[in-house]
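Read the numbers this way: they start at 1 and go in the same order the structure lists the ligands and their atoms. All residue numbers refer to positions in the sequence shown, counting from 1.
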Amino acid sequence: MIRPRRNRKSPAVRALVRETTLTSSDFIYPLFVHDKNIDESIDSMPGCSRWSIDGLVKEAGEAHAMGISAVVIFPAISENLKSSDAAECHNDDGLIPRAIHALKTAHPDLCVITDVALDPYNSDGHDGLVTKNDKGDFEIINDETVEVLCQQALCHARAGADIVSPSDMMDGRVEAIRTTLDTEGFQDVSILAYTAKYASAYYGPFRGALESTPKAGDKKTYQMDPANAHEAIRETLIDEEEGADIVMVKPAGPYLDVISQVRNTTTLPVAAYQVSGEYLMIKAAARDGWLDEDAVMMESLIGIKRAGADIIITYFAKQAASRL
Ligand code: PBG
């Protein structure tokens with residue numbers, strides 16, 4: 001008789017036969033930073049904070065000591081610095097350049113990743129520049145946005161970022177950013193492209209954390225339609241052609257099929273972003289005693305890895321690393 005249960009009979013045998021493993025070096029730890037001297041816990045994301053630059057350096061250092069090799073930083077920009085041209089996004093004295101510099105000075109071996117998109121800086125709250133067309137409808141203008149994104153990426157590179165990560169979903173931005181970085185002498189700065197980023201309701205808590213919710217409309221003309229997996233393949237082929245070093249699928253848990261298809265489309269490393277809403281659902285259910293937090297956290301991460309992700313961006317990075 002064929003007995004598959006023999007391969008499950010003990011922890012030792014199970015460990016021997018499993019093909020999927022998690023390690024802390026799989027994780028990218030997302031961190032929020034603001035221009036204040038205090039660390040502020042974020043109501044909509046229990047366990048996460050808006051860090052001062054000092055707090056950020058300390059938190060990143062603790063994560064690094066636990067084997068997490070990369071962080072991605074997101075800024076909370078004060079309302080008075082937001083504008084319709086999002087010019088603050090490429091201010092060399094701005095919050096993100098100062099944060100990059102502080103992180104790289106304190107932890108030279110930590111990989112520092114930055115988000116390239118206009119939403120934290122844009123008074124309209126969109127990832128791209130907004131204009132009104134003849135009919136009075138507003139539009140997100142692609143090509144002008146890409147020019148600003150290139151300046152933003154360059155500003156991060158000048159400050160010492162190891163990887164820039166365009167999350168805006170404008171067309172042509174990977175190639176434009178690659179060309180800009182190369183022309184300016186930053187051939188070694190990598191691009192982690194948000195390749196298949198869906199227009200997802202799971203981003204709600206994140207937008208709350210940064211006060212970056214769009215003032216009008218939604219992001220459906222640039223972020224992808226949740227009912228469309230073919231476009232993920234198309235975007236993967238385009239981003240690879242345009243020079244991305246790593247491609248990403250986002251969100252992760254509800255899009256495991258997309259991760260798997262992207263994995264089978266490219267030989268580039270594949271990242272997946274377990275977003276704020278995915279994190280919060282587990283936190284909320286555990287707080288009410290409805291789920292075992294650590295067990296569900298680990299299972300959610302294993303599922304993402306098993307689907308084909310090489311890299312997982314997760315707010316659980318430290319908590320999961322402490323379990324490994
Ligand atoms: C913005 C950006 C978003 C996230 C990462 N970068 C929000 C959005 O697109 O509206 C979401 C991350 C999360 O929900 O954890 N460019």
Side-chain angles (χ1 to χ4, degrees), residues 27-33 42-50 70-77 82 86 88-89 96 113-130 140 142 145-146 148-149 152-153 156 163-170 173-174 177 191-226 235 246-255 271-284 297 300-301 304 309 311-317:
F27 302 139
I28 296 174
Y29 187 24
L31 292 166
F32 301 102
V33 60
I42 301 172
D43 294 340
S44 66
M45 295 181 66
C48 298
S49 298
R50 275 178 297 262
V71 296
V72 58
I73 52 176
F74 296 100
I77 299 295
K82 298 187 185 184
E88 179 63 16
C89 80
I96 285 292
I113 306 174
T114 60
D115 193 66
V116 175
L118 305 187
D119 50 321
Y121 307 93
N122 190 340
S123 42
D124 297 298
H126 278 284
D127 294 27
L129 300 171
V130 176
I140 314 300
N142 194 90
T145 298
V146 170
V148 185
L149 296 170
Q152 184 181 19
H156 296 172
I163 302 182
V164 294
S165 190
S167 70
D168 55 284
M169 290 305 280
M170 297 300 120
R173 90 279 207 212
V174 172
I177 291 171
I191 299 178
L192 162 54
Y194 285 66
T195 295
K197 178 175 180 180
Y198 284 89
S200 172
Y202 287 87
Y203 307 152
F206 174 97
R207 294 180 191 167
L210 295 185
E211 291 174 10
S212 63
T213 308
K215 297 282 169 3
D218 54 40
K219 300 193 175 185
K220 291 181 184 166
T221 66
Y222 48 107
Q223 298 182 349
M224 285 168 42
D225 178 359
E235 290 281 3
I246 304 172
V247 294
M248 190 204 296
V249 176
K250 174 185 179 183
Y255 294 83
Y273 197 144
Q274 183 181 52
V275 301
S276 56
E278 300 177 70
Y279 171 81
L280 192 71
M281 288 195 308
I282 295 173
K283 283 280 176 192
M297 165 185 77
S300 71
L301 295 169
I304 295 165
I311 299 165
I312 305 174
I313 302 165
T314 175
Y315 301 96
F316 282 123

Are any of the N or O atoms of Y194 closer than 3.5 Å to those of ligand 1? no
One should read off an interatomic distance between R50 CZ and F74 CZ, to the nearest 0.5 angstrom, of 14.5 Å
Check D168 against ligand 1 and report side chain, backbone, both or neither, counting heavy atoms closer than 4.0 Å. neither
Taking the six-membered ring for Trp, are the ring centroids of F32 and F206 within less than 6.0 Å of each other? yes
Give me the nearest non-hydrogen protein atom to atom 15 (O) of ligand 1 as residue plus atom name, then the distance to 0.1 Å. Y315 OH, 2.6 Å
Euclidean distance, D168 CG relative to Q152 CD, rounded to 0.5 Å: 8.5 Å
Which protein heavy atom lies closest to atom 16 (N) of ligand 1, and at what distance to 0.1 Å? S167 OG, 2.7 Å
Is there a heavy atom of Y279 sitting under 4.0 angstrom from any atom of ligand 1? no
Measure from atom 10 (O) of ligand 1 to every heavy atom in E278, R207, H126 and give the option owning the shortest one. R207
Ligand 1 versus D119: contacting region, heavy-atom distance under 4.0 Å: side chain
Which of the ligand 1 atoms, numbered from 1, are nearer than 4.0 Å to a heavy atom of D115: 6 (N), 16 (N)
For atom 4 (C) of ligand 1, what is the closest protein heavy atom, and at what distance to 0.1 Å? K250 NZ, 2.6 Å
Within 45° cone of Y203 ring axis and under 6.0 Å: K250 NZ or CZ: yes
Could you tell me whether the side chains of E278 and S300 share a donor-acceptor contact shorter than 3.5 Å? no
Indicate yes or no for a side-chain donor-acceptor contact from H126 to the backbone of A216 under 3.5 Å, with no hydrogens or angles considered. yes
Taking only heavy atoms of Y273, which atoms of ligand 1 are found under 4.0 Å from at least one of them? 12 (C), 15 (O)
In terms of residue, atom name and distance, what is the protein heavy atom nearest to atom 8 (C) of ligand 1? K219 NZ, 3.3 Å
Just need the protein heavy atom nearest to atom 9 (O) of ligand 1, so name the residue and atom and give the distance. K197 NZ, 2.7 Å
Between atom OG1 of T145 and atom CG of N122, what is the distance when rounded to the nearest 0.5 Å? 8.5 Å
Measure from the side-chain N and O atoms of Y279 to the backbone N and O of P46, and report whether any donor-acceptor pair falls under 3.5 Å. yes
Has the side chain of T195 got a donor or acceptor atom that lies under 3.5 Å from a matching backbone atom of A193? yes
Nearest-neighbour protein heavy atom for atom 3 (C) of ligand 1, which is reported as residue plus atom name and distance: F206 CE2, 3.3 Å
Hey, is the main chain of M45 close enough, under 3.5 Å, to the side chain of K283 for a donor-acceptor pair? no
If you count the atoms of ligand 1 from 1 in the order shown, which ones are under 4.0 Å from a heavy atom of A117? 16 (N)
heavy-atom search around atom 14 (O) of ligand 1 in the protein gives S276 OG, 2.7 Å
